[in-house]
Amino acid sequence: MPELPEVETIRRGLAPVLAGARLVRAEARRPDLRFPLPPDFRQRLTGARIEGLERRAKYLLAPLDRGETLVVHLGMTGRFEVAGANAARRPGSFALAQAPDPRHAHVVFETDAGATVTFYDPRRFGYMDLIASDALGDHPWFQPLGPEPLGADFDAAHLKAAFAGRRAPVKALLLDQRVVAGLGNIYVCEALFRARIHPERAAGGLGARKLSALAESIGAVLREAIEAGGSTLRDYATAEGTLGYFQHSFRVYGRDGEPCVRPGCAGVVARLVQSGRSTFVCGQCQT
DNA sequence: CCCACGACCTGTGGGC
DNA sequence: TGCCCACAGGTCGTGG
């Protein structure tokens, strides 16, 4: 589920439940997700106060009052379910279309306000760790990350520098979290479509106008997606109609075989494979 | 260093 | 209906 807009949506939904709360229980129901959970996971969390809920790239960060930060990556299928303590009444809360499979409830948190927050992840590509807060920036997960695409230091000039001399397809570089942090397959396809750039173009060969359009398109699509509460594929449903409807605004992603939506364009969206992943493109207007 | 590919793991949807 | 294959929002390690 999670690229930047989805993680940001989850952050906003969980923040009212977790920020400022004290954990009265933390339970790991298996020893590992993608990686082993850290030693003494339960003890290091139980009794800790969560000071806030932040996001960096696709990571959720929960700084604790003990000098450590709980770091969560949702992988492909990680999700949180909130129950209890008026969870359903809180702004930004959400519900699942179907009850999640309890076999995949791997980590459970309970707050002093009586909320239960359960982490589900069928494929277990997600991961969690506890990292010293003052060393987060040096940690191997964070040190290599490029700028936040919605931050002040991301713009066409940054792309120009990051792409200089690179022969790789522009799509591959936009998926590289060292170039810009937070994009994934959907929003890269969408941003390239908006900027009218073919995903197979060599990144280093893009001119200034294309780079400006690309930087602008990335910002626009992410802002719109966050505004819509992210994208909801497969088994998620909106609660109170407030979350996760950006999938209805996809212009190319998943539209192979359909006519291009750009006014005046007679092209048809194609699906191709780059680095083993699906790319959706209109070969007519994306050049 | 740069790049592509397979691996990780489970579920689901489409085609036959 | 049932089976099998292809594919899925991400990253990491390997090998050319």
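Residue numbers begin at 1 in each chain, while the letters A, B, ... track the order of the sequences.
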Q: Give the C-alpha distance, both sets of side-chain angles, the deciding distance and a yes or no for salt bridge (Lys or Arg N to Asp or Glu O under 4.0 Å) between A/D65 and A/R22.
A: CA-CA 9 Å; A/D65 63 353; A/R22 195 171 290 280; 3.4 Å; yes
Q | Selection from C/dA8, C/dC12, B/dG11 that lies nearest to any side-chain heavy atom of A/D101 | A | B/dG11
Q) A/R167 side chain N/O closer than 4.0 Å to the phosphate oxygens (OP1, OP2) of B/dC3? A) no
**Q.** Distance-only donor-acceptor test (3.5 Å): side chain A/R123, base C/dA8
**A.** yes
Q) With a 4.0 Å cut-off, would you call A/E148 and A/R56 a salt bridge? A) yes
Q: State yes or no: are the ring centers of A/H104 and A/Y120 separated by less than 6.0 Å?
A: no
Q: Give a yes or no on whether the ring-centroid distance for A/F280 and A/F250 is below 6.0 angstrom.
A: no
(Q) Regarding A/P169, tell me which of base, sugar-phosphate or nothing describes its non-hydrogen contacts under 4.0 Å with the strands shown. (A) sugar-phosphate
Q. Under the salt bridge (Lys or Arg N to Asp or Glu O under 4.0 Å) criterion, do A/R12 and A/E8 qualify, and how do the steps go?
A. CA-CA 6 Å; A/R12 293 179 184 187; A/E8 177 62 20; 2.8 Å; yes
Q.
Let's see if you can work this out: which of C/dC12, B/dC3, B/dC9 has an atom nearest to the side-chain heavy atoms of A/F125?
A. B/dC9
Q. Heavy atoms under 4.0 Å, any strand shown: does A/R166 hit a base, just sugar-phosphate, or nothing?
A. sugar-phosphate
**Q.** B/dC9 to C/dT14 separation - P atoms, rounded to the nearest Å
**A.** 16 Å
Q: Give a yes or no on whether the backbone of A/C282 and the side-chain of A/Q286 come within a donor-acceptor separation of less than 3.5 Å.
A: yes
(Q) Nearest whole Å is fine: how far is C/dT11 C1' from A/L183 CG? (A) 15 Å
Q.
Can you see if the side chain of A/S278 gets near the phosphate of C/dA8 - specifically, an N or O under 4.0 Å from OP1 or OP2?
A. yes
Q) How close or far is atom C1' of C/dA8 from atom CZ of A/R124, stated in whole angstroms? A) 17 Å
**Q.** Listed nucleotide nearest any side-chain atom of A/W141, set C/dC12, B/dA4, C/dA8
**A.** C/dC12
Q: Could you tell me the separation between the OH atom of A/Y245 and the P atom of C/dG9, rounded to a whole number of Å?
A: 23 Å
Q: Please state how far atom CG in A/L33 lies from atom C1' in C/dG10, giving the value in whole angstrom units.
A: 14 Å
Q.
Is it true that A/T77 and A/R123 share a donor-acceptor pair across their side chains at a distance under 3.5 Å?
A. no
Q: May I have the distance from A/N185 (atom CG) to C/dC7 (atom P), rounded to whole angstrom?
A: 13 Å
Q. Phosphate oxygens OP1/OP2 of C/dT11: is one of them under 4.0 Å from a side-chain N or O of A/R34?
A. no
Q: Please state whether the phosphate of B/dG11, meaning OP1 or OP2, lies under 4.0 angstrom from any side-chain nitrogen or oxygen of A/H104.
A: yes
Q | Whole-Å P distance, C/dG9 and B/dG14 | A | 16 Å
(Q) Please check if the number of heavy atoms outside A/R178 that lie under 6.0 Å from its CZ is greater than 12. (A) no
(Q) I need the CD1-P distance between A/I10 and C/dG9, as an integer number of Å. (A) 16 Å
Q) Can you check the A/D121 CG to B/dG11 P distance for me, whole Å? A) 11 Å
Q. Are any of A/R103's side-chain N or O atoms less than 4.0 Å away from OP1 or OP2 of B/dT10?
A. no
(Q) Mind checking if A/Q177 touches a base, just sugar-phosphate, or nothing, with heavy atoms under 4.0 Å? (A) sugar-phosphate
Q. Is the phosphate of C/dG9, meaning OP1 or OP2, less than 4.0 Å from a side-chain N or O of A/K58?
A. no
Q: With heavy atoms under 4.0 Å as the rule, sort A/R271 into base, sugar-phosphate or nothing.
A: sugar-phosphate
Q) Looking at the side chain of A/H73, which of C/dC12, C/dG9, C/dT11 is the nearest nucleotide? A) C/dT11
Q: Give the rounded distance in Å between these two atoms: CZ of A/F35 and C1' of C/dG10.
A: 10 Å
Q. NE2 of A/H73 to CG of A/L60: how many Å apart, nearest 0.5 Å?
A. 9.5 Å
Q. Is the distance from OP1 or OP2 of C/dG10 to the nearest side-chain N or O of A/Y127 less than 4.0 Å?
A. no
Q | Pair pattern of DNA chain B in dot-bracket, where unpaired bases get dots and | marks partners in another strand, Watson-Crick or G-U under 3.5 angstrom | A | .|||||||.|||||||
